[in-house]
Structures are given as structure tokens and as C-alpha cells.
Amino acid sequence: MGAGSLGGAGTTAGTMRLYDTARREVVPFAVGEVVTMYTCGITPYDATHVGHAATYLTYDVLQRRLRDLGHQTRCVRNVTDVDDDLLRKARELGVHYLDLAAAETARFDADMEALNIIECFSEPRATSAIADIRGFIGMVLDRGHAYVAGGAVYFDVSSFAGFGQISHLNRDTMLALAAERGGNPDDPNKRDPLDFVLWQPSAPDEPAWDSLWGPGRPGWHIECSALALRELGTTIDLHGGGADLIFPHHECEAAQSEAATGERFVRHWMHQAMVMMDGEKMSKSLGNLVFVSDLRETWDPRAIRLAILANHYRTSWEWTEDTMPAAEARLDRWVAATVETAADSAEAVDAVRAALDDDLDTPAAVAAVDTAVAAGAGVASAAALLGVFLTGEPVR
Ligand code: 5CA
Ligand code: ZN
């Protein structure tokens, strides 16, 4: 497809440059008219925090720029509605795990809508994919990349030469991270502690589905492989998620997908750096959280967007009590300039596009809008490229 068939935006296909985690450099993001994306979604056992929001905002701004360039985007975001953490929380609360998941997913969707995140192409639940997962595991077994032991199915890491192609970690670091992130390296049924579970027997009070290998439930990584294949096909343009997922989640996902299909799984890996609070990764398990739903009670959701977009997606940053007041003050300046001025700054639009094309540099884009505002220009169109609608309705 020629670049000329895309457009109206004055730019050509392949304009954007993005850092690729696997290649470890900023490269042209070469894509066709339709761009397929998969981003790892929430495990719905608690409310959405600013770290989650940062991850989904990054892929939202990416999609907005791709659409501005004339592409269609199809972004799938899963919901992990069966998982150790969710089952534990449901047990603690004395509720059915699917009721907890449904309630938290509804809260998440409301937060995403308030933040003006583009609706997903699909938002499939892991439990919608049990049949797909069983079929997928069959493919991995048939190709000789997995083995059955103790009612579980394990991926055989030694059978797959590409293991490590995304994270580039050495074996000791992989082992340490697997232990820390639920990989259970001491499981005696494993031939190698780095082997990971595709299917596992359920504990007596956990949900179980029948399978050829005995009743049980999926391992974590397999849902994303099975859903990406089901929803988007064998090879996807871009895979996203937080940088905490690079290992083991994405490394294992890529290994099992490529083992199952024999084809390349992902053309471009893009990861959001961690949002921190009190010097540590903001996380449900640590409890150092700011919930989006709480912020929405006090602040304009557009200011929440700006607070996050003032930071580059590849740089970890700290949430502080000054973050929201500064963002809302910026929003007020942008709105005031835009309402008072008839002329919409074309320079700001060009500068925002150029900044986004340069590895999605949202801080530079925000600064360009600030400059236009300081010069007295209106910035409705430039702000709309960032998903911030200053005049009520989207301008483009
Ligand atoms: N359901 C899995 C992915 S398949 C999961 O990791 N769920 S989650 O609820 O823990 O995280 C949802 C998304 O938010 C993931 O992409 C994760 O990498 C990202 N995330 C979690 N904490 C942070 C943080 N502090 N900063 C940035 N992104 C984060
Ligand atoms: Zn995932």
C-alpha cells in the first residue's frame, strides 16, 4: 500500500519512530493501513490506579496519532478474570470471583471512559477463552514444546531457542524474577525451573475446567497468547503493557505463541515504565496507590490525562501531591487561551505531531502546547491530538 493512500494529515505511513524493547533501539514503526495491537489488561480485583491509567493512556495517544495519520487501529485489551490474586481476594471477601471481576471491570471501564480512552476493538475475558486455550496448548504439545506432568502442562524452555529474545536477561536474573513474579521455579514437576505452566490443576476451592490433561485452569501467560491469536491472528503489529511484564509474562507469551504457530508473534514490543509512589512501583499488592476514581471526585479527568502525559512513557516517574494541582493549572491555561482566542495554532499542531512521531514524546508535545498558549494562541486542535478536548467536542 502506498503512503499516498493514507493521509489528509500531511504525513506518510511509517512516519512514527518508537523504541522496541526486543531490538533495544528506536526504530521506524512500519505498519500497513490497519494496525493490530494487543495490550495486557487488568486483573480486576481492585480499582484502577494511576499506573494502570498511564499504561492505557500511552496506547491511547499512540492510536490517536496513528488514526491522525490515516491508519485504522484495532487494539485488544484482555481482562484476567481468573488468576491467583483475584481468587485470593474473592475468597477474602466471601464473593464469587466472577462477581468481583465483573464489578471491578465495570469500574475500570467507567474510569477509562472518563479519561477519554479510545474504546477497544475488543475487551475479552480470560474465562471466555478456555476452549481457545485448550486448543492452543494442544498446538504447543503437538509441536513438541511442552510436556505433561502431575496433571499440569509445562512449556519446555529448552526446546525453544528464542527464549530471552525480548528481555535479554541472563539465566540468574530470569530465575530471580520468575520466583518473585509467581513463576514457582521450585515446582518439582518441572524439568527446568524456568519452564512455565500452560495448564495447572485447580485447588479444591478454585474453578476448574475439564481438559485432556485433567481438570484445572490456565496458567497466566497463555490467555494473552490465545486471545491475541483468536482476536487478531498469528502476527500482531504491536504488543504493549507495563515494563513489569517484560519478564516473565511477555517472554513466555512470545515463546509459546511462536512455538505453537511457527510464525513470528509480535513485530514491535512497547512497554510503559512504572509509575512510582513513595519510591516504589505503584501496585495493588504494595498498597501505595492513587485510584483514578478518587482523583475524579476532585479533579477534571482532562487534568488527570495531562498529569500523566507530562511524563515520557519510557521514564519511570513519581506521583506526588503536587502532580494534580500543576496539571489542573495547565489545563486551565489551555482552556482560557482557547476560549479567548479565535485562531487555532497550526504551529502547535505541527509540533505535537512531530513530538509524538519521535518515540511518542508526550512531554515535548505538552511543552509545545504550553509555548503556543504563552504566545496567546488557541490550542484546541493540538490538545485534541493528545485526547484532551478543550471545547467540549473533539475538533478532529
Ligand atoms: N492482567 C495482567 C496482564 S495480562 C496484569 O498485569 N494486570 S494488572 O492489573 O496487574 O496490570 C494491568 C496493566 O497495568 C499491566 O499492563 C501492567 O503492566 C500495568 N501496570 C501495573 N502497575 C503499573 C505501574 N505502577 N505503572 C505503570 N503500569 C503499571
Ligand atoms: Zn498479558
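Each ligand, and each atom within it, is numbered from 1 in the order the structure gives. Note that the numbering runs from 1 along the sequence shown for the chain.
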Check: Val26 and Asp358 side chains under 4.5 Å, non-hydrogen atoms:
no

Look at Arg107 together with Glu104 and state whether they make a salt bridge at an N to O cut-off of under 4.0 Å.
yes

Given side chains that start at C-beta, do those of Asp350 and Glu347 come closer than 4.5 Å, heavy atoms only?
no

Side-chain donor or acceptor of Asp344 paired with backbone N/O of Ala380 under 3.5 Å
yes

Assess the residue pair Phe163 and Phe155 against the criterion (ring-ring contact (aromatic ring centres under 6.0 Å, His included)); give the C-alpha distance rounded to whole Å, side-chain angles, the decisive distance to 0.1 Å, and a yes or no.
CA-CA 11 Å; Phe163 198 75; Phe155 188 85; 7.2 Å; no

Per-pair distances, ligand 1 N/O vs protein N/O, less than 3.5 Å:
residue: ligand 1; atom: 1 (N); partner: Gly41; partner atom: O; Å: 2.8
residue: ligand 1; atom: 1 (N); partner: Thr43; partner atom: OG1; Å: 2.9
residue: ligand 1; atom: 1 (N); partner: Thr80; partner atom: OG1; Å: 2.7
residue: ligand 1; atom: 7 (N); partner: Gly41; partner atom: O; Å: 3.2
residue: ligand 1; atom: 7 (N); partner: Thr43; partner atom: N; Å: 3.4
residue: ligand 1; atom: 7 (N); partner: Thr43; partner atom: OG1; Å: 3.2
residue: ligand 1; atom: 9 (O); partner: Thr43; partner atom: N; Å: 3.0
residue: ligand 1; atom: 9 (O); partner: Lys284; partner atom: NZ; Å: 3.0
residue: ligand 1; atom: 16 (O); partner: Cys40; partner atom: O; Å: 3.2
residue: ligand 1; atom: 16 (O); partner: Gly242; partner atom: N; Å: 3.2
residue: ligand 1; atom: 18 (O); partner: Gly242; partner atom: N; Å: 2.9
residue: ligand 1; atom: 18 (O); partner: Asp244; partner atom: OD1; Å: 2.6
residue: ligand 1; atom: 25 (N); partner: Val275; partner atom: O; Å: 3.1
residue: ligand 1; atom: 25 (N); partner: Met282; partner atom: O; Å: 2.8
residue: ligand 1; atom: 26 (N); partner: Val275; partner atom: N; Å: 2.9
residue: ligand 1; atom: 28 (N); partner: Gly51; partner atom: O; Å: 3.1
residue: ligand 1; atom: 28 (N); partner: Thr55; partner atom: OG1; Å: 2.9

Just the protein N/O/S atoms under 2.8 Å from the Zn ion (ligand 2), please, no waters.
Cys40 SG, Cys224 SG, His249 NE2

Side chain Lys190, main chain Asn184, donor-acceptor under 3.5 Å
yes

Return yes if some donor-acceptor pair links the side-chain N/O of Gln272 with the main-chain N/O of Ala243 below 3.5 Å, else return no.
no

So, Ser202 side chain and Pro207 main chain: donor-acceptor pair closer than 3.5 Å or not?
yes

Asp60/Arg64 ion pair, N-O < 4.0 Å
yes

